[in-house]
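One structure below.
Remember, predicted model here, so these are calculated numbers, not experimental data.
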Protein chains: 2
Amino acid sequence: MRVTIADVAREAGVSKTTVSRVVNLKGEVGGSTAARVREVIAQLGYVPSSGAVGLARGSSRTVGMLVPSLTWPWMGELLQGVVDTVEAADYGLLLFTCNRGAESVERFTSQVSARAFDGLVVVEPENTLDRLTALHRSGLPIVLIDDRGRHPEFTSVVTTNHEGGASAARHLRDSGRTRPVVVTGPAHFGCVSDRLAGFRSVLPTDLVVAGDFTERAGRLAVERLLLEGTEFDSVFAHNDITAAGVLRALRAAGRRVPEDIAVVGFDDIPMAEHTEPPLTTVHQPTRQMGEAAARLLLARLGGGPPPEQPLVLPTELVVRRSAP
Amino acid sequence: MRVTIADVAREAGVSKTTVSRVVNLKGEVGGSTAARVREVIAQLGYVPSSGAVGLARGSSRTVGMLVPSLTWPWMGELLQGVVDTVEAADYGLLLFTCNRGAESVERFTSQVSARAFDGLVVVEPENTLDRLTALHRSGLPIVLIDDRGRHPEFTSVVTTNHEGGASAARHLRDSGRTRPVVVTGPAHFGCVSDRLAGFRSVLPTDLVVAGDFTERAGRLAVERLLLEGTEFDSVFAHNDITAAGVLRALRAAGRRVPEDIAVVGFDDIPMAEHTEPPLTTVHQPTRQMGEAAARLLLARLGGGPPPEQPLVLPTELVVRRSAP
DNA sequence: CTGAAAGCGCTTACAG
DNA sequence: CTGAAAGCGCTTACAG
């Protein structure tokens, strides 16, 4: 049923070795022989079985990608960056998620050795670091995306969270805001403390509300502040979703944005253009991060040395009407 | 380096056959023997090589997924549905995109036979139908998502585009709107003509503007209508992105939503909650469609018969403030 | 320039 | 209940 290398060899009147050589452009093959083999290959529509090739060569020409969730707003861009790069190198991409807690971590790690992939790109799901470290030590090349720079053992691609926070603060300061509120993401995320520290390094403030990257967190934070009568003239939300909640709560309370209160988000997800008013936000180079991570991994698989330093891709402040 | 079945066999003092049997729970194995083998497996951390298993069994326990783009707003949900279902069945998911025209189609189809995946879930990229048909005829199980019901050759999962359009029209009609505008998606999409036909079956109108599913299309459509002095009291946009453009143009022109003009979208992407005003829209059960497609494919791979009819998942009108 | 043979790590009749 | 052997479809020394 399926056309194998043996079929081609028989049809062309040569050995499997020779067929393999012309397919892989390896070793010398007589011109006319090669031509004949190529003809037969085209005629039969032969394509080498990747499974068999992988088994024989000991590598699968496939990389894995592990992410916590596929529905996060910037995940599509990231994934597209990885896939494009991986496909261009003629590799396959095996996708795993870890959104069901311990059970799925368990399943994933047990599949690592089973699934033949040569390396892994990871957006770190919570509580997987130990397992990943073990896999890495046992020889699996891994590249981390959006690492906090705290796992020097791994190659990683990061963005300038600290500087991103600082740029938001500079923008608010330069437009005359003096009493900013920060609505953070989950405290144990490295990016959260970096964004906060960057912001405060420019515009010190004690008005920090702990959030969790949800729209609700942004809404509740603002509602509580208004209820308490806290005075503030601007909000820096640690992601755009939270900023959307902030905008909604301000509107509901009759505060004008940006006249009364300026709002800055983080991420620059597609939605940021469509809020009312459109959101000023710190753009993360998500797709480029995906591309870079894939490139680093492929280079590693190609035999290159692991880079010493995390690869840093810059954020960029995008000014829209919520904080002109 | 890697632990193989031979290592386990040697260590446990049995044959590879026996190890294989306890791993796969196949055939009778003596209790104490099995226990010993299991112990060695745990101790050595043995996991069968999926490549070798696939080669020997002739199947890869992997499914492929082909999509036009990963950055479409509802793609994350869809993908999550597929991945969850596939992972729960202990299959792997190989991801392919086709966003670079002919070249990538070429590459994809050539990889199909190479990559060992047993079946394919497809969100049909443009101009791939011929290739997919050929692959399907040559034996590759394929499930289409959001097919237009026009490719009876394939198993497919669809949503009620016609009824979705009709539900939007009923809602507008029941709230007293009589002069609706429809801003469509690309004319050659089956879902577009279905949504349009459904809408018109309830609320006939000639005010149809051809769009292309972009925000810009929605903006331009409204700007032109207003410029021409066309009278209308509502807009049905064929997707939420377009509806966002409509809202923006109306706001810029000083028209109130929904007082002057009601707006209804299609899709119910995350952004729909965050527009101003929040968007009334026809919800597509995206994640469920992904789950269903994966389930159908897995059933097929498990030896089940292909279903006769497309699987239809219902849309649902979500009422928000843009059309209360 | 070309081929026979061993080997990659499994599964699966077949035989006992 | 257990194992020796062939086979899955390739690649790669090795020999000529």
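Under the 3.5 Å distance criterion, the side-chain polar atoms of A:T286 are matched with a main-chain donor or acceptor of A:Q284. Judged purely by atom type and a 3.5 angstrom limit, A:R21 has no side-chain atom pairing as donor or acceptor with the backbone of A:A34. Side-chain atoms of B:T159 come within 3.5 Å of backbone atoms of B:L313 as a donor-acceptor pair (strictly under, hydrogens ignored). A donor-acceptor pair is defined here as one N or O able to donate and one able to accept, closer than 3.5 Å; no such pair exists between the side chain of B:E124 and the backbone of B:L144.
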- Per-nucleotide protein contact along nucleotides 7-16 of chain D, 5' to 3', at a 4.0 Å heavy-atom cut-off (B base, S sugar-phosphate only, - neither), is BBBBSBB---
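Other residues, nucleotides and ligands contribute more than 12 heavy atoms inside 6.0 Å of the CD atom of A:Q43.
With contacts defined as side-chain heavy-atom distances shorter than 4.5 Å, the pair A:L70/A:L95 qualifies. Side-chain contact check for A:F117 versus A:F96: some heavy-atom pair is nearer than 4.5 Å.
Dashed line: the shortest gap from a side-chain N or O of A:S15 to OP1 or OP2 of C:dT2 is not under 4.0 Å.
The closest side-chain donor-acceptor pair between A:T18 and A:S15 falls under 3.5 angstrom.
With a cut-off of 3.5 Å on both pairing distances, the Watson-Crick and G-U wobble pairs of DNA chain D assemble into stems of 3 or more at C:1-3 with D:14-16, C:5-12 with D:5-12, C:14-16 with D:1-3.
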